[in-house]
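A short write-up of the structure that comes next.
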Amino acid sequence: MNPLLEPLTPAQREAVQHVDGPLLILAGPGSGKTRVVTHRIAYMLESGVPPSQILALTFTNKAAEEMRGRVHALAPGRRVWVSTFHRFCARLLREYAPLVGLRENYTIYDTSDSQQALKRSIEELQIDATHYTPQQIATSISWAKNNLITAETYQPRPGHPLGSVVAKVYPAYQARLLNSSAVDFDDLLLHIASLLRENPEVRHTLDERFRYILVDEYQDTNLAQYTIVRALSLDHPNLAVTGDPDQSIYGWRGANLSNILEFEQDYPHVRVVRLEQNYRSTKRILSIAAHLIEHNLRRKQKGLYTDNDEGRPVRLVTYFDQKTEADTIATRIVDDVRAGRRRPRDFAVFYRVNALSRAIETAMREHGVPYQIVNGVEFYQRKEIKDVLAYLTLLNNPRDDVAFQRVINTPARGIGKTTLDRLRQHATLKGKTLLEAARESGLVDSLAKKTAVVVARFVAMFDRLSLLAARPVEEILGNVLAETGYRDMLGTSENVEDQERLANVEELLTAAREFDARHPGNGHLEEFLEESCLVNDTDAWEAADDRVTLMTLHASKGLEFPVVFLIALEQGLIPHERSTSSVDDLEEERRLLFVGITRAQEELSLSHARRRLFRGREMMTVPSQFIFEMPREEMDCGEILPTKVEWDQTKSFDHDDESEWQSEIAHDPDATSESDANADSGDDEFAFGANLHATGEGDEDRDSSQTGRARSPGSTPATIAPLATAAELATAAESTSEARANQPAASTVPPEAFYQGMLVRHPAYGLGKVVALSGSDSQRKATVAFASGAGQRSFVLQQSPLRPVKPS
DNA sequence: CGTAATGAAATTTTT
DNA sequence: TTTCATTACG
């Protein structure tokens with residue numbers, strides 16, 4: 001038999017062998033979906049489908065990378081296009097930009113850039129939008145775009161005040177983007193969808209080009225994505241989608257469950273394959289999950305089953321308060337780890353909202369449990385990174401007004417709000433971009449002479465940098481850092497935060513260098529920028545670290561852990577108070593819990609607390625309604641919960657206002673005496689404050705190690721070590737400044753030893769500073785600015801007489 | 001023009 | 001409680 005098919009079950013095999021015609025793979029959690037998809041691609045290639053005709057679309061870069069890697073392992077050397085929806089669209093848009101009114105060097109705005117543009121638009125219109133936040137308006141526009149409603153076609157619902165504001169702002173915002181030759185994330189999809197609709201011949205060409213399309217996580221597609229996929233599958237309806245309606249948790253981002261539920265209507269001759277066998281969880285865990293999700297109406301019936309063991313009962317625990325909850329969990333982990341039953345990385349704690357992580361964090365610290373929080377400040381969202389990238393963006397697309405406004409006074413050049421306002425006014429008047437306006441700052445009457453000169457100086461600097469636009473990215477970036485004074489601004493600062501920022505900028509330099517290595521030749525700035533805003537490095541959850549993982553339910557999708565703690569199952573939190581208004585919202589909350597439960601492989605613990613400190617207030621809580629939807633036979637209830645009816649009764653005794661599910665706790669002395677009761681099934685006593693699990697580091701390091709995306713207690717995460725080193729190097733370099741440096745040893749200096757900002761000595765030109773670097777190994781070049789008046793010169797490092805100036 | 005101070009608000013966040 | 005954004009000062 002074909003070795004590709006051998007490790008597969010009959011159902012999986014059926015899916016893999018289906019090559020032509022539409023295919024719907026309904027894949028339950030832990031059913032080996034990725035394996036099926038990758039094997040199917042390999043099988044198609046084996047059957048003679050040319051790789052260039054295959055397109056696989058995912059939502060996340062992580063998923064795309066994984067799929068690409070696994071296809072590569074199965075079918076080495078075949079280049080199949082595996083990409084996220086957004087990157088795929090971005091690429092197509094480069095080809096067809098003029099058709100939608102853009103230039104091919106268009107900029108992609110991330111969420112905060114878009115927000116800037118939106119704010120400007122609102123200001124400009126001078127409409128009474130005070131009752132709505134830009135955020136609300138942004139959400140509305142995003143919703144419209146996801147539903148293919150353009151600025152021209154947007155119609156507010158009569159009597160809808162927000163709608164009528166959006167009706168005014170949306171066109172202005174869109175005009176602004178177009179004028180800057182920029183798109184937001186939603187536009188990437190919207191433009192391509194429109195393009196395909198309005199240009200039949202383009203559609204036909206692309207349909208022809210991508211004859212075999214696969215879409216992962218199809219339950220998460222929105223109308224725009226649906227339309228694109230559909231448009232590319234008319235002549236060649238070889239469309240295979242995989243997904244699970246029960247795992248759709250991004251409805252609030254525009255995902256439309258109907259896409260997967262009605263797939264069979266869209267493609268009449270579709271083959272439907274159900275992957276219902278679960279290879280991940282115990283029977284009990286799966287049973288709980290299955291029963292819970294049965295309560296949803298909008299779904300497809302599935303018969304989940306597993307050959308795995310029955311496993312231990314799922315624990316359902318009522319805690320006295322959040323601290324008890326957190327401490328008990330920490331203690332349990334400590335016990336298991338000390339007994340050698342588990343390692344820290346086997347555990348995960350999930351919660352509905354990030355704010356709930358705090359109590360857990362504290363407990364983990366107190367008990368000396370190493371942990372990592374997934375999420376945190378994203379690298380590319382940091383101010384310094386955005387600043388520096390904005391320079392590159394402006395070099396790539398000088399029309400980009402958002403980038404212009406970001407960089408014009410960073411570092412401070414004395415060009416403030418007033419000046420900017422005047423430039424803006426001039427630009428609007430003359431129908432020009434801000435950079436064009438700045439270019440003729442002398443002609444702007446309202447501008448003071450002195451200010452006009454400062455602006456002109458900025459433009460001159462920009463023009464100098466422009467000459468480098470086609471050079472390797474690392475080199476451009478290095479020059480930007482030097483010319484703009486950004487490096488000096490951070491380097492000369494005593495501020496610890498600035499030092500950290502500098503380290504981050506160094507990190508970006510490294511990223512640029514790696515990018516250059518991957519893209520030999522010149523003129524790849526645009527691709528670098530695209531990658532920077534479309535690739536999110538947060539994906540890299542460190543499975544390698546032996547730490548307990550703390551994350552939101554949303555973030556847990558796609559992962560699995562031997563032991564899972566699901567905390568704070570309380571009304572108002574899950575289902576979240578803002579998601580109880582409609583049945584659809586409520587069902588999504590239920591799916592969220594379903595996703596969380598099905599991440600657990602061996603042990604699962606569900607818990608809630610009777611009272612919870614939230615937003616500075618301690619509140620009485622009501623157990624989540626979902627708790628009552630799970631079968632008690634499979635569970636071990638440490639403390640018997642009252643049934644929902646009983647609970648409602650008690651509640652009506654205590655409080656007459658039924659509608660208020662949470663009420664502040666009056667200080668009740670009785671409550672305190674009751675508080676010693678350990679709500680857990682009696683596992684162990686707590687050991688508050690005892691550092692049971694010594695990790696070797698003291699109590700310092702409370703919260704400072706925020707640099708990496710994973711905030712960790714105790715030991716500094718390995719990921720930030722190189723940053724620290726870079727920072728040290730940088731500081732060292734600065735401190736050695738000025739002349740009295742010793743002569744370096746005569747031995748050859750390897751090209752890698754040079755870094756940007758480094759002080760060097762040249763036998764003829766004297767002391768200089770490395771401004772930019774590019775290339776690698778024997779090709780590595782440095783641009784050096786000399787103090788002696790020799791100006792800037794470029795050297796091939798391996799042959800150059802440049803020597804580092806040693807710190808004295 | 002930059003920073004301190006005050007006040008309102010508070011999910012989830014694949015790109 | 002914490003975070004943010006706008007506003008009021010120096």
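Order of the sequence lines fixes the chain letters, A, B, ..., with proteins taken first and strands second; residue numbering starts at 1 for each chain. No experiment lies behind these values; they were computed from the predicted model shown.
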Return the polar atom pairs (N/O with N/O) between nucleotides 8-11 of chain B and the protein under 3.5 Å, or none.
from   : atom 1 : to     : atom 2 : distance (Å)
B:dT11 : O4'    : A:H576 : NE2    : 3.2
B:dT11 : O2     : A:R352 : NH1    : 3.0
B:dT11 : O2     : A:R352 : NH2    : 2.5

Report all interatomic pairs (protein N or O, nucleotide N or O of nucleotides 1-3 of chain B) with separations under 3.5 Å.
from  : atom 1 : to     : atom 2 : distance (Å)
B:dC1 : OP1    : A:G416 : N      : 2.0
B:dC1 : OP1    : A:G416 : O      : 3.4
B:dC1 : OP2    : A:T418 : OG1    : 2.9
B:dG2 : OP1    : A:N409 : ND2    : 3.1

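Per the geometry, CG belonging to A:L92 stands 19 Å off P belonging to B:dT15, to the nearest Å. Regarding A:R91, its CZ atom lies at a distance of 17 Å from the P atom of B:dT15, rounded to whole Å. Between the C1' atom of B:dT15 and the CG atom of A:D113 lies a distance of 13 Å, rounded to the nearest Å. The separation between A:W252 atom CH2 and B:dT15 atom P is 12 Å, rounded to whole Å. The interatomic distance linking A:L57 (CG) with B:dT15 (P) rounds to 14 Å, in whole Å. Here the C1' atom of nucleotide B:dT15 and the CG atom of A:L529 are 16 Å apart, to the nearest Å. The separation between A:D220 atom CG and B:dT13 atom P is 14 Å, rounded to whole Å. As a whole-Å value, the separation of A:F59 CZ from B:dT15 C1' is 10 Å.
Between the side chain of A:R253 and the base of B:dT15, at least one donor-acceptor pair of N or O atoms lies under 3.5 Å.
A search for side chain to side chain donor-acceptor pair (under 3.5 Å) contacts involving A:D113 returns A:K386, not counting sequence neighbours. For A:R352, the salt bridge (charged side-chain N to carboxylate O under 4.0 Å, His left out) criterion is met by A:E589, not counting sequence neighbours. Taking A:E217 as the reference, A:K33, A:K557 meet the salt bridge (charged side-chain N to carboxylate O under 4.0 Å, His left out) condition, with sequence neighbours excluded. Residues meeting the side chain to side chain donor-acceptor pair (under 3.5 Å) test with A:S114, sequence neighbours left out: none. Remark: A:T150 pairs with A:E152, A:T153 by the side chain to side chain donor-acceptor pair (under 3.5 Å) rule, at least two apart or across chains. The side chain to side chain donor-acceptor pair (under 3.5 Å) test applied to A:Y106 returns no partner, not counting sequence neighbours. Under the ring pair (Phe, Tyr, Trp, His ring centres under 6.0 Å) criterion, A:W252 pairs with A:Y250, A:H554, sequence neighbours left out. Qualifying ring pair (Phe, Tyr, Trp, His ring centres under 6.0 Å) partners for A:F88, counting only residues two or more places apart in sequence or in other chains: A:W81, A:F210.
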Show every donor-acceptor pair shorter than 3.5 Å between a side-chain atom in residues 414-423 of chain A and any protein atom, with sequence neighbours excluded, or say none if there are none.
from   : atom 1 : to     : atom 2 : distance (Å)
A:K417 : NZ     : A:D421 : OD2    : 3.3
A:D421 : OD1    : A:R424 : NH2    : 2.6
A:R422 : NH1    : A:S446 : O      : 3.3

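Rounded to whole Å, the separation between the P atoms of B:dT13 and C:dC4 comes to 15 Å. Going from the C1' atom of B:dT11 to that of C:dT6 covers 24 Å, rounded to whole Å. Using C1' as the reference atom, B:dT12 and C:dA5 are 22 Å apart when rounded to the nearest Å.
By the 4.0 Å N-to-carboxylate-O rule, A:R591 lies close enough to A:E588 to be salt-bridged with it. Under a 4.0 Å N-O distance rule, the pair A:R299/A:E587 does not qualify as a salt bridge.
Where stacking is scored as ring centres under 5.5 Å apart with planes under 30°, A:Y250 does not register as stacked on the base of B:dT13.
Side chain of A:N397 to main chain of A:S181: a donor-acceptor pair is present (N/O by atom type, distance under 3.5 Å, no hydrogens or angles).
Where DNA chain C meets chain A (any atom under 4.0 Å from a heavy atom), the bounding nucleotides read 5' to 3' are C:dT1 to C:dT2.
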